[in-house]
There are 2 protein chains.
Amino acid sequence: MTGHTQRGQCAKRMSILDAAADVFCRQGFAAASIDEIAAVACVSRQTIYNHYREKETLFVAVVEDVMNRANAMLFSVLSAFPDNADNLEDDLTAFVVRLNKNCLCNHDGKFLRKLVQTEGERYPHLFESWRQHGPGKLTTALSALLARLAQKGTLVIDDFDVAARQFVALANADLQMMTLFGGIPTDAELEKAARNAVRTFLRAYRQPPAENAGAQPQLAAVSG
Amino acid sequence: MTGHTQRGQCAKRMSILDAAADVFCRQGFAAASIDEIAAVACVSRQTIYNHYREKETLFVAVVEDVMNRANAMLFSVLSAFPDNADNLEDDLTAFVVRLNKNCLCNHDGKFLRKLVQTEGERYPHLFESWRQHGPGKLTTALSALLARLAQKGTLVIDDFDVAARQFVALANADLQMMTLFGGIPTDAELEKAARNAVRTFLRAYRQPPAENAGAQPQLAAVSG
DNA sequence: GTAAAACTAGACGCCATTGTCTAAGAGGTC
DNA sequence: GACCTCTTAGACAATGGCGTCTAGTTTTAC
């Protein structure tokens, strides 16, 4: 009965979710029509209503689906944060490239950002979840990872949360304009943007080479 | 005939524009209804159709109105960019506070950002104009202003455009999350965010003091 | 005061969309 | 082949918004 019929159903469900994500992202919730979603998904309109009772249910399902994918990807990228300090600039640059490419500048990232800004006030719980598991998690995790580097004496950081936010901000500095209107950066642009970001970040936070010998430089100025 | 009737008409027009900006910003173009705009503006629906032929005309008028205000404000803020290098940290911090408060975190800034992201692909010319006179202008102008500081030997910058983008990115690093979901930062938060941004920017770009003179390595002045 | 212009309130037709319903087809298992 | 479930295409009522029109009221100009 159920069980093997599931494959077909599952395929339909995914097809619908993908199509709906596409249309919702382009049109926004209000302007997106079920008919268009059905057409894009190559599925009858009734099938959509069978799986998801109404438009809003579908919308919530789409968001959760995209969020799950994005969270998994973010976790995966974060787990490859450089651990040792030789070649820190190159390693951090590669990390930023992966972060931008797979989390912030890809389809899902664009969708979630757009969505939160447009429908965030109307669906607060949805936004809350994104905030905690998306960028919130990113900042928290990065903060811990930077702390690890600082503990090794590679970086000098007074406020890890601030540094984490600045790291992300710098990583996006060159791409923000492009991603804002939907452009997808090339590999070369990603590389260059990441290099710029990391250089500036390291200039600001890198442990300066011990000038006098065992001088502990820069006693981590006051945290705000 | 015309001329003095303008006052009443003009008041109505502005009232409509304000109300429409409010509703369009909250609901998005598709979900915004003329009836609601009329109600918010305390004006009959027909009056709206008298002034602006149809919904899209009204929308374009609103965007242009907000853009003009925002451009004027941006110009005003930019013209107060610090010129001399004594007290650079404090002066830059005050500048960033003004920039964030009056250009990026205020109603108009929020509206334009939201708008571009939601309707930008549907109204490309509108977006183009914003891009040139809004953030595009900001980056270009900042780039020139930073060059002026660099020429005085205060800052060491290899790529002014990159530095300008990073300056803006850092200025927003701590506020992005908040402004994303519509929150308006308090004065204290603005101050702190600006201070963090400027400190990191200066650590990365400030001319290092001559090393072998009376050098404390990098005073990174902690001021309050 | 009078005439013209602007504003209001409401009714109206039109169209797109949502969500339901029905009859028929496709695909699988027993 | 019989049966069951999922799917499809299309018809359907209901809703709501847009834009027009009309009749009546207020404001402004002279």
Side-chain angles (χ1 to χ4, degrees), chain A residues 1-63 65 115 118-119 122-123 126, chain B residues 1-63 115 118-119 121-123 126:
Chain A
M1 317 198 160
T2 60
H4 290 79
T5 321
Q6 284 303 71
R7 192 167 33 230
Q9 277 195 55
C10 197
K12 293 274 179 204
R13 283 184 85 93
M14 288 196 302
S15 164
I16 292 172
L17 283 180
D18 286 349
D22 177 38
V23 176
F24 278 136
C25 185
R26 279 204 322 265
Q27 317 266 23
F29 178 79
S33 91
I34 299 282
D35 283 316
E36 186 177 352
I37 294 173
V40 173
C42 297
V43 147
S44 152
R45 182 174 67 249
Q46 185 58 33
T47 301
I48 295 183
Y49 283 106
N50 285 344
H51 286 275
Y52 309 93
R53 244 183 33 263
E54 54 185 1
K55 196 180 179 183
E56 188 168 325
T57 314
L58 172 61
F59 180 70
V60 172
V62 167
V63 173
D65 179 55
L115 172 92
T118 57
E119 324 287 351
R122 195 177 305 280
Y123 299 86
L126 195 154
Chain B
M1 311 194 165
T2 58
H4 290 79
T5 319
Q6 285 303 74
R7 191 170 32 230
Q9 277 196 56
C10 198
K12 295 273 179 203
R13 283 183 85 94
M14 289 196 302
S15 163
I16 293 173
L17 282 180
D18 285 350
D22 178 38
V23 176
F24 278 137
C25 186
R26 279 205 322 266
Q27 318 265 22
F29 177 79
S33 90
I34 299 281
D35 284 314
E36 184 176 353
I37 294 173
V40 173
C42 297
V43 148
S44 150
R45 183 173 67 249
Q46 185 58 33
T47 301
I48 296 183
Y49 282 107
N50 285 343
H51 285 275
Y52 309 93
R53 242 182 34 263
E54 52 185 1
K55 195 181 178 182
E56 187 167 323
T57 314
L58 172 60
F59 180 69
V60 172
V62 167
V63 173
L115 172 93
T118 58
E119 323 287 351
E121 301 181 20
R122 196 178 305 281
Y123 299 84
L126 195 152

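Numbers restart at 1 for each chain; the letters A, B, ... are given by sequence-line order, proteins then strands. The basis for the numbers below is simple: all heavy atoms, side chains too, and nothing from hydrogens, waters or symmetry mates.
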*Asks:* For Ile48(B) and dA6(C), give me the distance from atom CD1 to atom C1', rounded to whole Å.
*Replies:* 15 Å

*Asks:* Which heavy atom of Ala20(A) sits nearest to which heavy atom of Val62(A), and what is that distance?
*Replies:* CB-CG2, 3.5 Å

*Asks:* Could you tell me the separation between the CZ atom of Arg53(A) and the P atom of dG19(C), rounded to a whole number of Å?
*Replies:* 9 Å

*Asks:* From CZ of Arg13(A) over to P of dT5(D), roughly how many Å is that when rounded to an integer?
*Replies:* 18 Å

*Asks:* Could you give me the CA-CA distance, side-chain angles and deciding distance for Leu115(B) and Phe29(B), then say whether side chain to side chain contact (heavy atoms under 4.5 Å, CB included) is met?
*Replies:* CA-CA 9 Å; Leu115(B) 172 93; Phe29(B) 177 79; over 6 Å; no

*Asks:* Could you work out how much the helix from dG1(C)-dC30(D) to dC30(C)-dG1(D) bends, comparing the axis of its first five pairs with that of its last five, to 10°?
*Replies:* 20°

*Asks:* Does His51(A) make a side-chain N or O approach to OP1 or OP2 of dC6(D) shorter than 4.0 Å?
*Replies:* no

*Asks:* Are side-chain heavy atoms of Phe59(B) and Glu119(B) found at a separation under 4.5 Å?
*Replies:* yes

*Asks:* Only pairs at least two apart or in different chains count here, so list each salt bridge (Lys or Arg N to Asp or Glu O under 4.0 Å) that has a residue in residues 30-49 of chain B.
*Replies:* Arg26(B)-Glu36(B), Asp35(B)-Arg45(B)

*Asks:* Heavy atoms only: give me the nearest Ser15(A)-Ala41(A) pair and the separation to one decimal.
*Replies:* OG-O, 3.0 Å

*Asks:* What is the distance from OH of Tyr49(A) to C1' of dG10(D), rounded to the nearest Å?
*Replies:* 15 Å

*Asks:* Which residues pass the side-chain contact (heavy atoms from CB on, under 4.5 Å) test with Thr118(A), sequence neighbours left out?
*Replies:* Thr118(B)

*Asks:* By nearest atom, which of the nucleotides dG19(C), dT7(D), dG19(D) is closest to the Lys55(B) side chain?
*Replies:* dG19(D)

*Asks:* Who passes ring-ring contact (aromatic ring centres under 6.0 Å, His included) against Tyr49(B), sequence neighbours left out?
*Replies:* none

*Asks:* Which parts of residues 27-40 of chain B get close to DNA chain C, meaning a heavy atom less than 4.0 angstrom away?
*Replies:* none

*Asks:* Listed by chain and number, what are the side-chain contact (heavy atoms from CB on, under 4.5 Å) partners of Asn50(B), not counting sequence neighbours?
*Replies:* Gln46(B)

*Asks:* Tell me, for nucleotides 8-15 of chain C in 5' to 3' order, what letter each nucleotide earns: B for a base near a protein heavy atom under 4.0 Å, S for only sugar-phosphate near one, - for neither?
*Replies:* BB-B----

*Asks:* Thr57(B): what forms a side-chain contact (heavy atoms from CB on, under 4.5 Å) with it, not counting sequence neighbours?
*Replies:* Tyr52(B), Arg53(B), Glu54(B)

*Asks:* Residues two or more places apart in sequence or in another chain: which of them pass side-chain contact (heavy atoms from CB on, under 4.5 Å) with Asp18(A)?
*Replies:* Arg69(A)

*Asks:* Shortest non-hydrogen contact from Ile48(A) to Leu58(A)?
*Replies:* CG2-CD2, 4.1 Å

